[in-house]
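Contents: one structure, followed by commentary.
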Amino acid sequence: ANALTSAVTSNGTVAVGSSALTALTGGTGNVAIGQNSQQLVTVGNFNTSVGFATVDASSVDTSHTVAVGANALGGALTVAADGAVAVGSSALVALTSGASNTAVGRAAGSAITTGSSNTLIGYSTASAATASSNTIIGASAGSATAGSNNTALGANTLNSPAAAVTDIVAIGANALTSAVTSNGTVAVGSSALTALTSGASNVAIGQNGQLTITTGSNNTTLGANVMDGAAATCSNNVGIGANTLTSALTAAADGTTAVGANALTALTTGAGNTAVGSSALSALTTGGSNIAVGQNGQLGITTGSNNTTLGANVMDGAAVTCSNNVGVGSNTLTAALTAAADGAVAVGSYALTALTSGATNTAVGRNAGAAITTGSSNTLVGHTTASAATASNNTIVGATSGSTALGSNNTTLGANTLNSPAAAVTNCVAVGNNALTAATTQSGITAVGADALASLTTGATATAVGFQALT
């Protein structure tokens, strides 16, 4: 009844339903199916509406709209809204002049009036009346208080902002579901940043990322469960890798960097720590100012502090309290290091690899001091510079100098010096390439010069100075 009752001149018009297109006069290519559908349109063109009271309040020449579902596009549309697409009961029901809007889902975009360029897909996907350029996909995603330039994908994402937030990215069911006020937040992953309110400049990518953060700021996480147990105010942290920083992290540890699966997974209050590598510093709780770069670096340290390691497995067997050590090179300081050895410096693959309790040792070079366990106060520089397990107070500089049979209180400078003693000699000085290279058993010898005393094996205390002296 009353469909197309005006002096219509339009070709290709279809009107099905009581009062459908009842006011149309000159519009072209309109299709209206449903009671009161496009009932006030007079000269609009190429509108398609299906459902009760679709496009029923617009009396201007609205064109190129699509409305499917009861009350879809039911507002006082103006020509500025041309091209709107609303699919679902009450979708874009309040739209007036907002341009380039697309809403699919029951009540999708139902609050938008003048906002433009919104794309909304899902049941009750929402955007504020004037908000623009939002892309919101997922049941109950978005909010009538949301601002502009937001992207939300997933059920219930960004559904409770307390202000007109902008430039938000929320992807994953229940991401950013609290009363957030922070612009520019990025949450990608189911329940990522789900509790955030006012914390600024947070980026969480991964399921449950920063799960409990509310007011903390400047956190960046990548990986499942990263910072999922952190205190609400934690800030300035970086966690990359599944299960990094997963313990009850507190604000005392702010500024932590953890990169690698399970890195710093137990940290609570330790400050100033940096861990890069799978399981690096994974047991650390309260220790501070540690730097571990490399897989399993400082693996067992819990309360130790001021350790710096670079390389796979460095200090991976150290006691929980070890502190003030430096290990650079794969497999350095890998034995059951104790706090008695605190202050050790090992640079080079396998340097001081057997050290346990020897104090104040420094070894630089591949395999330098590799045999030392309880010996102390040794300074070794050079490839495979060596000292016996218990030897102490040796200063050995030069490639392949020293020996695992060496005693204590020896000083060498030069390649291959004192490298074959037949006993634990002590108090020797050898300076110059190949000085004292034979299987000597004599202590207290001084050889200065290349090849000096190079053939000495036994004999009285000797002093030789000069090239090939007493060879």
Side-chain angles (χ1 to χ4, degrees), residues 138 140-143 145-146 150 152-163 165 167-275 279 281-288 302:
S140 302
S143 167
T145 57
N150 298 297
L153 173 59
N156 304 312
T157 54
L158 196 63
N159 64 0
S160 303
V165 292
D167 302 302
I168 296 283
V169 175
I171 300 176
N174 302 309
L176 279 173
T177 56
S178 292
V180 63
T181 60
S182 307
N183 296 329
T185 299
V186 176
V188 179
S190 175
S191 298
L193 282 167
T194 191
L196 188 71
T197 54
S198 60
S201 302
N202 293 295
V203 176
I205 301 176
Q207 184 181 25
N208 298 324
Q210 300 181 49
L211 185 68
T212 52
I213 297 294
T214 57
T215 58
S217 300
N218 303 310
N219 296 297
T220 301
T221 60
L222 172 60
N225 306 314
V226 182
M227 286 183 66
D228 64 347
T233 60
C234 285
S235 300
N236 304 307
N237 299 291
V238 175
I240 300 176
N243 302 311
T244 60
L245 297 173
T246 54
S247 194
L249 198 68
T250 68
D254 280 359
T256 297
T257 299
V259 179
N262 302 308
L264 281 169
T265 190
L267 188 68
T268 55
T269 60
N273 294 292
T274 299
S279 298
L281 283 168
S282 60
L284 192 72
T285 54
T286 60
T302 59

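Keep in mind that what you see is a predicted model, and the values were worked out from it rather than measured. One-based numbering along the sequence shown.
- Taking both residues in full, the closest heavy atoms of Thr157 and Ala152 are given as OG1-CB, 3.4 Å, listed atom of the first, atom of the second, then distance.
- Side-chain contact check for Thr274 versus Thr256: every heavy-atom pair is 4.5 Å or farther apart.
- Between Asn183 and Thr185 there is no side-chain heavy-atom pair separated by less than 4.5 Å.
- Ser282 pairs by the side chain to side chain donor-acceptor pair (under 3.5 Å) definition with nothing, not counting sequence neighbours.
- Looking at Asn237, its side chain never comes within 3.5 Å of a backbone N or O of Asn219 through a donor-acceptor pair.
- Between the side chain of Ser247 and the backbone N or O of Thr268, no donor-acceptor pair lies under 3.5 Å.
- Here the straight-line distance linking atom CG of Asp228 with atom OG1 of Thr246 works out to 6.0 Å at 0.5 Å rounding.
- Panel note: side chain Ser201, backbone Asn218; no donor-acceptor pair is recorded below 3.5 Å.
- Expressed to the nearest 0.5 Å, how far CG of Asn156 lies from CG of Asn174 amounts to 5.0 Å.
- The heavy-atom pair separating Ala192 from Gly206 by the smallest distance is CB-O, 3.9 Å.
- Rounded to the nearest 0.5 Å, atoms CG (Leu158) and CG (Leu153) are 12.0 Å apart.
- Between Val226 and Leu222, the closest heavy-atom pair is CG2-O, 3.9 Å.
- Using a 4.5 Å cut-off on side-chain heavy atoms (C-beta onward), Cys234 and Met227 make contact.
- Minimum interatomic distance between Gly154 and Ala141 (heavy atoms only, all atoms of both residues): O-CB, 3.5 Å.
- The two atoms that bring Thr285 and Ala266 nearest to each other are CG2-O, 3.7 Å, heavy atoms only.
- Of all non-hydrogen atoms in Ala258 and Ala263, the two that sit nearest each other are CB-O, 3.9 Å.
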Where do Asn236 and Ser217 land on the side-chain contact (heavy atoms from CB on, under 4.5 Å) test, with the steps shown first?
CA-CA 6 Å; Asn236 304 307; Ser217 300; 6.0 Å; no

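- With sequence neighbours excluded, the residues satisfying side chain to side chain donor-acceptor pair (under 3.5 Å) with Asn225 are Asn208, Asn243.
- Between the Thr250 side chain and the Ala248 main chain, no donor and acceptor come within less than 3.5 Å of each other.
- Taking 4.5 Å as the limit, some side-chain heavy atom of Leu245 sits within range of a side-chain heavy atom of Leu267.
- At least one donor-acceptor pair under 3.5 Å links the side chain of Asn273 to the backbone N or O of Gly270.
- Side chains of Ser160 and Thr177: no donor on one and acceptor on the other come within 3.5 Å.
- Checked by atom type and distance alone, the side chain of Thr212 pairs as donor or acceptor with a backbone atom of Ala230 at under 3.5 Å.
- No hydrogens or angles considered: nothing links the side chains of Ser178 and Thr197 as a donor-acceptor pair under 3.5 Å.
- In this structure, OG on Ser182 lies 9.0 Å from CG on Leu193, to the nearest 0.5 angstrom.
- A heavy-atom distance below 4.5 Å is found between the side chains of Leu284 and Leu264.
- Distance check, rounded to the nearest 0.5 Å: CG of Leu249 to CG of Asp254 gives 7.5 Å.
- The line from OG1 of Thr194 to CD of Gln210 is 12.0 Å long, rounded to the nearest 0.5 Å.
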